[in-house]
K.L.:
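Sharing a structure below in structure tokens format, with a few things to ask.
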Amino acid sequence: MYIREKITEQVKKIISDALNQAVESGALAIETMPDLFLEIPREKEHGEYSTNIAMQLPKQTKKAPRFIAETLVANMKTADSYIESIEIAGPGFINFKLKPYWQYAVLAEVAAMKADYGRSQKNAGKKFNLEFISANPTGPMHMGNARGGAIGDILAAVADWTGYDVTREFYINDAGNQIVKFGDSLDARYRQLMGEDIPFPEDGYQGEDITEHMRVFIDANGDVHRLMTPEERKPILIDYALNKNLTKMRSDLEAYGIRYDVWFSEQSLYDSGAIEKTIELLGKGGFTYEQEGALWFKATAFGSDKDDVLIRANGLPTYFMADIAYHMDKFVNRGFNRCINVWGADHHGHVARLKGALSAVGIDAANFDVVIMQLVRLLRNGEVARMSKRQGKAIALTDLIDEVGVDATRFFFNLRSPDSHFDFDLGLAIEQSNDNPVFYVQYAHARICSIIRQMAEELDQAIPLDYSRLVEKEELNLMEMLSNFPDEILTAEDKLDPSRITRYAIDLAAAFHSFYNACHVRVSDKALMKARVALIEATKQVIQNALGILGVSAPERM
RNA sequence: GCGCCUGUAGCUCAGUAGGAUAGAGCAACGGCCUUCUAAGCCGUGUGCCAGAGGUUCGAAUCCUCUCAGGCGCACCA
């Protein structure tokens, strides 16, 4: 258990013991114990911890908040604890001031745990599935996928650090209508390249990549497919181009620092019979009915405002149907305890009905959550530009990474919480990449590395390491920041908000830069120097760990 | 019409399990390199927290309504 958590538990116990004591002695009459919530006050004068419990009890106890607070404080036993003093303030806050230098413990913790500092066992033994991006495999990925990629990959890392056994998963939409369209587009380009004068389908994929696929295909295969009927040829073209696209996606994503554990094919749900099984299960539960030749799901029974089609009148299952089977596979066949998907805001309408359907097949929908990420709006010179994959006007993910860099791209797209809407001006991003906050954090790391390199020879091994030499407020503040890291990860997981880690990294870097300017490491007092080297080494380690979660490099020189 | 997200400093955003005086970065201005990386630090100013009601000892945070922007509301995915 980390120092911060240890102290929090201790303070909570002291409060609840005091409360019990007060009740037993008859000083306070309480029927239901209130939830104990400790907060870390914004103002340092209010101590390290504060509780508002006395202000939650007047109704039950029929006593004034100040009186309750005084009674509680009188019952608190703080001997052998981290608490230095307790104070009642304002309308009835109880503020706890910790004994000086409790922060030193964190330096030993970081030194001991190193690259694992910040990890916890909270979710040990549980399987976590994170599905993200899952872009249509009908063309190259665009800039919009960059945000989902950063959010998903980093949230997966966060979950991993809380003890989960994490699987990163890409759902390949290789079935359904868009594949039909894909085939039509490929076939049209094929025939055009073969010299036929035929029109391109109106709603086809107009991107240059489709034509390029067919050009390469023809180079390799000549005209052996020319005399086939389109119906014979399309599956061959689709298979060819889909494989090409998936290979490209895989390598593009690896270049973006994302490696998936599972690439899950939608088509496999049809092939394995998973879809039929799910239909049967839903039917048995009485959640389906037929109408106008289609099979419907009673989504209204789960709070939706209308029912949804599972099987179309033409006999083909909908995407929704496949998605139910897909998530059943995750929970039931593969035994995941928790499944999270990252979806763009344009799919949010799908969440409620999928949760409903999962409940219908007996899955606890509370273990399934969707992080809805607001869409990135692309600006060009301050004007809104539409992104459309079908028209091939999107900015490719690879171009973005080439121009802005992997580190800056991942950092930038994980800087704001997923539900913030944000505008992305490509010109501005490239221009700004020089004072992108990612460099601020990396710079702190490089600075530390530089100092450590130079201190290596000057350190006196004979002098014992004595943390108590660290008393400056910048030093104490830095240690406090380090002690908050484990909790920051837990909160990020709990709130499904990986952007907290990015902002933590910035705050930590800021605490270091302040320290750097206030305190020199190279000082004539060798014992002080040694203690400060220990402090910056711990800082370096935590920056590394944080950047590691973000998938951003921690350069030793800049 | 219905639903989801958002509205906080000039700009981009934190803060939203209710808490004490609402915070950062950018931009502006003024300082700091004859010992460790100035991609840095220190300082100065700015807010009807979109608006109106309500709940509460206490509301940026919870509830209701209104306004504004984004996104949905298919036998597309």
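Chain naming here is simple, since letters A, B, ... match the order of the sequence lines and numbering starts at 1 in each.
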K.L.:
Just how far is it from atom NZ of A:K62 to atom CD1 of A:I68, taken to the nearest 0.5 Å?
P.N.:
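Between atom NZ of A:K62 and atom CD1 of A:I68 there are 11.0 Å.
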
K.L.:
I want to confirm an ordering. Mapping A:P418 and A:H513 to their closest nucleotides on RNA chain B, which one lands closer to the 5' end?
P.N.:
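In this pair, the answer is A:P418.
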
K.L.:
For B:A20 and B:G25, measure between their C1' atoms and round to the nearest Å.
P.N.:
26 Å

K.L.:
So that I know where these two stand, are A:F302 and A:F287 an aromatic pair - ring centroids less than 6.0 Å apart?
P.N.:
yes

K.L.:
So, A:Y171 versus A:Y326, ring centres under 6.0 angstrom or not?
P.N.:
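Between A:Y171 and A:Y326, the centre distance is under 6.0 Å.
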
K.L.:
Is B:C67 in the syn range, within 90° of 0, or in the anti range?
P.N.:
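Nucleotide B:C67 adopts anti.
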
K.L.:
Given atom CG of A:N95 and atom C1' of B:G19, what is their separation to the nearest angstrom?
P.N.:
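It works out to 11 Å between those atoms.
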
K.L.:
Find the partner of B:A39: check Watson-Crick (N1-N3 plus N6-O4 or O6-N4) and G-U wobble (N1-O2, O6-N3) distances, both under 3.5 Å, and reply none if neither fits.
P.N.:
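Partner of B:A39: none.
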
K.L.:
Does B:A38 have OP1 or OP2 under 4.0 Å away from a side-chain N or O of A:Y516?
P.N.:
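For B:A38, OP1/OP2 do have a side-chain N/O of A:Y516 under 4.0 Å.
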
K.L.:
Determine the interatomic distance between P on B:G70 and the same-named atom on B:G30; round to the nearest Å.
P.N.:
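Rounded to whole Å, the distance is 40 Å.
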
K.L.:
Using the P atom on both, measure B:C11 against B:C75 and round to a whole Å.
P.N.:
42 Å

K.L.:
For A:A518 and for A:Y443, find the nucleotide of RNA chain B with the closest heavy atom, then tell me which residue's nucleotide is more 5'.
P.N.:
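Its nucleotide being nearer the 5' end, the pick is A:Y443.
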
K.L.:
Tell me, please, whether A:F320 has A:R353 positioned over its six-membered ring: NZ or CZ under 6.0 Å from the ring centre and within 45 degrees of its axis?
P.N.:
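So A:R353 does make the cation-pi contact.
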
K.L.:
What's the verdict on salt bridge (Lys or Arg N to Asp or Glu O under 4.0 Å) for A:E169 and A:K330, showing C-alpha distance, side-chain angles and the deciding distance?
P.N.:
CA-CA 10 Å; A:E169 184 151 326; A:K330 286 184 189 172; 5.1 Å; no

K.L.:
Going by modelled atom types, is there a donor-acceptor pair between the base of B:G19 and the side chain of A:N52 at under 3.5 Å?
P.N.:
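Result: at least one qualifying N/O pair found.
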
K.L.:
Taking the six-membered ring for Trp, are the ring centroids of A:H46 and A:F93 within less than 6.0 Å of each other?
P.N.:
no

K.L.:
Counting just side-chain N and O atoms, does A:K306 come under 4.0 Å of either OP1 or OP2 of B:C2?
P.N.:
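Looking at the OP1 and OP2 atoms of B:C2, neither is under 4.0 Å from any side-chain N or O of A:K306.
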
K.L.:
When the distance from CD1 of A:I68 to P of B:C57 is rounded to whole Å, what number comes out?
P.N.:
13 Å

K.L.:
Decide if the gap between the ring center of A:F132 and the ring center of A:Y260 is smaller than 6.0 angstrom.
P.N.:
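Yes, ring centres under 6.0 Å apart.
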
K.L.:
How many Å lie between CZ on A:F515 and P on B:C42, as a whole number?
P.N.:
14 Å

K.L.:
Counting the atoms with a prime plus P, OP1 and OP2 as sugar-phosphate, which does A:A345 contact under 4.0 Å by heavy atoms, base, sugar-phosphate, or nothing?
P.N.:
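The residue A:A345 makes sugar-phosphate contact but no base contact.
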
K.L.:
Roughly, in whole Å, what's the span from CZ in A:F264 to P in B:A77?
P.N.:
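Atom CZ in A:F264 sits about 17 Å away from atom P in B:A77.
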
K.L.:
Identify the nucleotide, in any strand shown, that forms a Watson-Crick or G-U wobble pair with B:C26, with both distances under 3.5 Å; if there is none, say none.
P.N.:
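Because both required distances fall under 3.5 Å, B:C26 counts as paired with B:G10.
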
K.L.:
Taking B:G40 as the reference, what is the distance to B:C48 when you measure between their C1' atoms (whole Å, please)?
P.N.:
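Taking atom C1' in both B:C48 and B:G40, they lie 38 Å apart.
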
K.L.:
With a 4.0 Å cut-off on heavy atoms, is A:R42 in touch with a base, just the backbone sugar-phosphate, or nothing at all?
P.N.:
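Sugar-phosphate: the residue A:R42, judged by heavy atoms under 4.0 Å, touches backbone atoms but no base.
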
K.L.:
Would you classify A:C449 as touching base, sugar-phosphate or nothing, given that sugar-phosphate means primed atoms plus P, OP1 and OP2, and contacts are heavy atoms under 4.0 Å?
P.N.:
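Nothing: the residue A:C449, judged by heavy atoms under 4.0 Å, touches no strand.
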
K.L.:
Please confirm whether the ring centroid of A:Y443 lies under 6.0 Å from the ring centroid of A:H513.
P.N.:
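Distance test on ring centres: under 6.0 Å, yes.
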
K.L.:
Within the pair A:R416 and B:A14, is there a side-chain N or O less than 4.0 Å away from OP1 or OP2?
P.N.:
no

K.L.:
At under 4.0 Å, does any side-chain N or O of A:S514 touch on OP1 or OP2 of B:C42?
P.N.:
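Affirmative; the distance criterion is met.
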
K.L.:
Give none if B:C48 has no partner; otherwise give the nucleotide forming a Watson-Crick or G-U wobble pair with it, both distances under 3.5 Å.
P.N.:
none

K.L.:
Tell me whether the centres of the aromatic rings in A:H350 and A:W343 are closer together than 6.0 Å.
P.N.:
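Yes, ring centres under 6.0 Å apart.
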
K.L.:
Examine B:A14: is either OP1 or OP2 under 4.0 Å from a nitrogen or oxygen in the side chain of A:S417? Give yes or no.
P.N.:
yes

K.L.:
For the side chain of A:N517 and the base of B:G40, is some donor closer than 3.5 Å to an acceptor across the two?
P.N.:
yes

K.L.:
Could you please name the option among B:G19, B:C13, B:U37 that lies closest to any side-chain atom of A:I451?
P.N.:
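Of all the options, the side chain of A:I451 is nearest to B:U37.
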
K.L.:
Please state the P separation for the pair B:U6 and B:G10 - nearest whole angstrom.
P.N.:
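Here B:U6 and B:G10 have their P atoms 22 Å from each other.
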
K.L.:
NA contact type, A:F320, heavy-atom cut-off 4.0 Å: base, sugar-phosphate, or nothing?
P.N.:
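The residue A:F320 makes no contact with any strand.
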
K.L.:
With no angle test and no hydrogens, is the base of B:A20 tied to the side chain of A:S50 by a donor-acceptor pair under 3.5 Å?
P.N.:
yes

K.L.:
Nearest to the side chain of A:F93, which nucleotide is it out of B:A20, B:U16, B:C71?
P.N.:
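Looking only at side-chain atoms, A:F93 lies closest to B:A20.
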
K.L.:
Would you mind classifying the nucleic acid contact of A:H46 as base, sugar-phosphate or nothing, using non-hydrogen atoms under 4.0 angstrom?
P.N.:
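Base contact.
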
K.L.:
Between B:C36 and A:R532, is there an OP1 or OP2 to side-chain N/O distance shorter than 4.0 Å?
P.N.:
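A:R532 to B:C36 OP1/OP2: no side-chain N or O under 4.0 Å.
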
K.L.:
If you look at every strand shown and take non-hydrogen atoms under 4.0 Å, does A:E292 touch a base, only sugar-phosphate, or nothing?
P.N.:
base

K.L.:
Under 3.5 Å, is there any donor-acceptor pair linking the side chain of A:H421 to the base of B:C5?
P.N.:
yes

K.L.:
For a quick check of understanding: with a heavy-atom distance under 4.0 Å over all strands, which category does A:R353 fall into, base, sugar-phosphate or nothing?
P.N.:
base

K.L.:
At under 4.0 Å, does any side-chain N or O of A:Q374 touch on OP1 or OP2 of B:G69?
P.N.:
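No, A:Q374 has no side-chain N/O under 4.0 Å of OP1/OP2 on B:G69.
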
K.L.:
Is there ring stacking between A:H348 and B:C5, where the centres must be under 5.5 angstrom apart and the planes under 30 degrees?
P.N.:
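Per 5.5 Å and 30° rule: no stacking.
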
K.L.:
Taking atom P in both B:U56 and B:U44, compute the distance separating them and give it to the nearest angstrom.
P.N.:
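40 Å, rounded to whole Å.
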
K.L.:
Measure from the side chain of A:D419, starting at C-beta and using heavy atoms only, and say which of B:C57, B:G72, B:U6 lies closest.
P.N.:
B:U6

K.L.:
Just compare B:A14, B:C75, B:U37 and give me whichever is closest to any side-chain atom of A:R503.
P.N.:
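The answer is B:A14, which lies nearest to the side chain.
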
K.L.:
My understanding is that a pair needs two contacts under 3.5 Å, Watson-Crick or G-U wobble. By that rule, which nucleotide pairs with B:C2?
P.N.:
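Here B:C2 is engaged in a pair, and the nucleotide opposite it is B:G72.
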
K.L.:
Atom CD of A:E474 to atom P of B:C42: distance rounded to whole Å?
P.N.:
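So the two atoms are 8 Å apart, to the nearest Å.
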
K.L.:
Determine the interatomic distance between P on B:A22 and the same-named atom on B:U61; round to the nearest Å.
P.N.:
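That atom pair is separated by 14 Å.
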
K.L.:
Taking pairing as Watson-Crick or G-U wobble with both contacts under 3.5 Å, can you name the mate of B:U21, or confirm there isn't one?
P.N.:
none

K.L.:
Looking across every strand, which nucleic acid part, if any, lies under 4.0 Å from A:A352 by heavy atom: base, sugar-phosphate, or nothing?
P.N.:
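No contact.
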
K.L.:
Between the base of B:A74 and the side chain of A:N177, is there a donor-acceptor distance below 3.5 Å?
P.N.:
no

K.L.:
When the C1' atoms of B:C49 and B:G3 are compared, how many Å lie between them, rounded to an integer?
P.N.:
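Per the computed distance, 26 Å lies between those C1' atoms.
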
K.L.:
Whole angstroms only, please: what is the NZ-C1' distance between A:K355 and B:G3?
P.N.:
16 Å

K.L.:
Just call it for A:Q56: base, sugar-phosphate, or nothing, with non-hydrogen atoms closer than 4.0 Å on any strand.
P.N.:
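No contact at all - A:Q56 keeps every heavy atom at 4.0 Å or more from the nucleic acid.
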
K.L.:
Which heavy-atom pair separates A:T318 from A:V309 by the least distance, and what is that distance?
P.N.:
OG1-O, 3.0 Å

K.L.:
Taking only the side-chain nitrogens and oxygens of A:Y440, find out if one of them lies under 4.0 Å from OP1 or OP2 of B:U37.
P.N.:
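Negative; the distance criterion is not met.
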
K.L.:
At less than 4.0 Å, is any side-chain N or O atom of A:Y319 found next to OP1 or OP2 of B:A77? Yes or no.
P.N.:
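Negative; the distance criterion is not met.
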
K.L.:
Report the distance from atom CD1 of A:I40 to atom C1' of B:A20, rounded to the nearest whole Å.
P.N.:
16 Å

K.L.:
Could you state the CG-P distance from A:D203 to B:A77, rounded to the nearest angstrom?
P.N.:
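To the nearest whole Å, that distance equals 13 Å.
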
K.L.:
Could you check whether A:H347 and the base of B:G72 form a stacked pair, meaning centres closer than 5.5 Å and planes differing by less than 30°?
P.N.:
no

